[in-house]
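What follows is one structure encoded as structure tokens, with my remarks underneath.
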There are 2 protein chains.
Amino acid sequence: MKDFPAPPPGSCPDVLHPRCPSRQVLQHLTSRWGALVLVALAGRTLRFSDLRRALGDVSDRMLAQTLQGLEADGMVRRVAHDVVPPHVDYSLTEIGQEAAVLVRGLADWVERRLPDILGCQR
Amino acid sequence: MKDFPAPPPGSCPDVLHPRCPSRQVLQHLTSRWGALVLVALAGRTLRFSDLRRALGDVSDRMLAQTLQGLEADGMVRRVAHDVVPPHVDYSLTEIGQEAAVLVRGLADWVERRLPDILGCQR
DNA sequence: GGAAGTACGTACATTTTGGTAAGTATTCCG
DNA sequence: CGGAATACTTACCAAAATGTACGTACTTCC
């Protein structure tokens with residue numbers, strides 16, 4: 001890997017710059033499960049197992065990992081009720097909702113345009 | 001992996017359904033290099049090597065693979081001039097431009113909100 | 001009583017993604 | 001003349017993503 005100069009402090013965020021933190025954040029939001037979690041969580045609160053069922057084919061392990069990543073980025077809020085059996089609620093933060101709107105927008109567009117896209121595919 | 005029933009023909013596209021083709025298309029658009037290619041190519045035509053430089057740290061191999069994927073999805077147009085040394089131009093199709101607008105929107109939002117996001121990160 | 005559900009963590013296996021190096025035919029530049 | 005640039009491809013290897021299986025400490029339902 002070529003070594004890129006770190007962006008000078010105070011420079012504008014730019015996803016096209018290899019070392020810009022915005023690139024990593026974008027990757028979290030657009031990661032395989034990250035994007036789907038945002039879509040699934042848009043406008044509602046779900047507990048862990050509901051979320052797993054909503055996504056359909058995600059494994060426990062990946063869902064937990066993805067949620068922790070999004071929580072670390074401040075996109076997802078985790079509320080654990082201290083009971084047995086466990087009960088944990090996941091919802092979007094303020095920022096997470098903003099992101100979710102855009103991701104949903106992309107997902108909606110894909111769904112809407114799917115016939116045309118499939119028609120163009122080679 | 002659990003086996004999911006294929007979506008009944010005629011059902012609405014739904015990215016949350018594991019077997020829906022829209023999910024794969026979304027993944028192509030949001031893949032690590034796919035999203036960045038759309039951003040880089042938005043509103044302009046670039047040749048292979050310019051694109052590589054625009055992304056900064058992508059390898060020849062991945063860039064070629066990503067471009068072929070996006071071309072197969074009908075997002076990218078490839079125009080090869082038959083000369084030596086090779087000269088190939090890449091640009092977005094009609095559909096690709098629509099996608100790029102949304103991906104750019106997400107990227108722009110991340111760049112704009114980056115300070116807040118970094119401030120929230122744990 | 002026995003089975004299933006809950007929200008994970010951990011160890012291990014597999015799959016996917018990504019990088020590196022080399023090769024190509026030719027032109028341009030110093 | 002020697003070296004760099006061009007747009008890939010292929011073979012090979014490393015790293016990252018993802019899945020599977022198991023364990024947990026209880027509760028609820030049949």
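Numbers restart at 1 for each chain; the letters A, B, ... are given by sequence-line order, proteins then strands. Predicted model only: the values in this text are computed from it and were never measured. Just the heavy atoms: all of them, side chains too, but no hydrogens, waters or symmetry mates, feed the values below.
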Would you kindly give the CH2-to-P distance between W33(B) and dG18(C), to the nearest whole Å?
-> 8 Å

For residues R23(B) and H17(B), is any side-chain donor paired with an opposing acceptor at under 3.5 Å?
-> no

Residues pairing under side chain to side chain donor-acceptor pair (under 3.5 Å) where one sits in residues 95-104 of chain A, two or more places apart or in two chains, turn out to be E98(A)-W109(B), E98(A)-R113(B), R104(A)-D108(A)

Between dA7(D), dG19(C), dG19(D), which nucleotide has the shortest distance from any of its atoms to the side chain of R47(B)?
-> dA7(D)

Contacts of type salt bridge (charged side-chain N to carboxylate O under 4.0 Å, His left out), residue D89(B), not counting sequence neighbours = none

Over how many whole Å does the gap from D57(B) atom CG to dT17(C) atom C1' extend?
-> 14 Å

Selected nucleotide, minimal atom distance to M62(A) side chain, candidates dC8(D), dT18(D), dA7(C) = dT18(D)

Just to confirm, is there a sub-4.0 Å distance from OP1 or OP2 of dG18(C) to any side-chain nitrogen or oxygen of S59(B)?
-> no

Please give, in whole Å, the distance from dC8(D) P to R52(B) CZ?
-> 10 Å

Options dG19(D), dC8(D), dT6(D), nucleotide nearest the side-chain atoms of F48(B) = dC8(D)

Could you state the CG-P distance from L51(A) to dA7(C), rounded to the nearest angstrom?
-> 10 Å

Kindly state which residues belonging to residues 65-87 of chain A come within less than 4.0 angstrom of DNA chain C, counting heavy atoms of the residue only, listed by number.
-> Q68(A), R78(A), P85(A), P86(A), H87(A)

Let me know the distance between CG of L55(A) and P of dG19(D), rounded to the nearest Å.
-> 11 Å

How close or far is atom P of dA15(D) from atom CZ of R32(B), stated in whole angstroms?
-> 15 Å

dC8(D), dA11(D), dA7(C): which one has an atom nearest the side-chain heavy atoms of R61(B)?
-> dA11(D)

Between C1' of dC8(D) and CG of D50(B), the distance in whole Å | 15 Å

Can you spot which of L26(B), D14(B), V15(B), V25(B) makes a side chain to side chain contact (heavy atoms under 4.5 Å, CB included) with L114(A)?
-> V25(B)

Among the nucleotides dT6(D), dG19(D), dC8(D), whichever has the atom closest to the side chain of D60(B) is dC8(D)

Should V101(B) and L106(A) be regarded as members of a common hydrophobic cluster, given that ILVMFWY residues are connected when their side-chain heavy atoms come within less than 4.5 Å of each other, either directly or indirectly?
-> no

Looking at L63(B), L38(B), L70(B), T66(B), which hits side chain to side chain contact (heavy atoms under 4.5 Å, CB included) with W33(B)?
-> T66(B)

L46(B) reachable from V79(B) in the ILVMFWY side-chain graph, under 4.5 Å edges = no

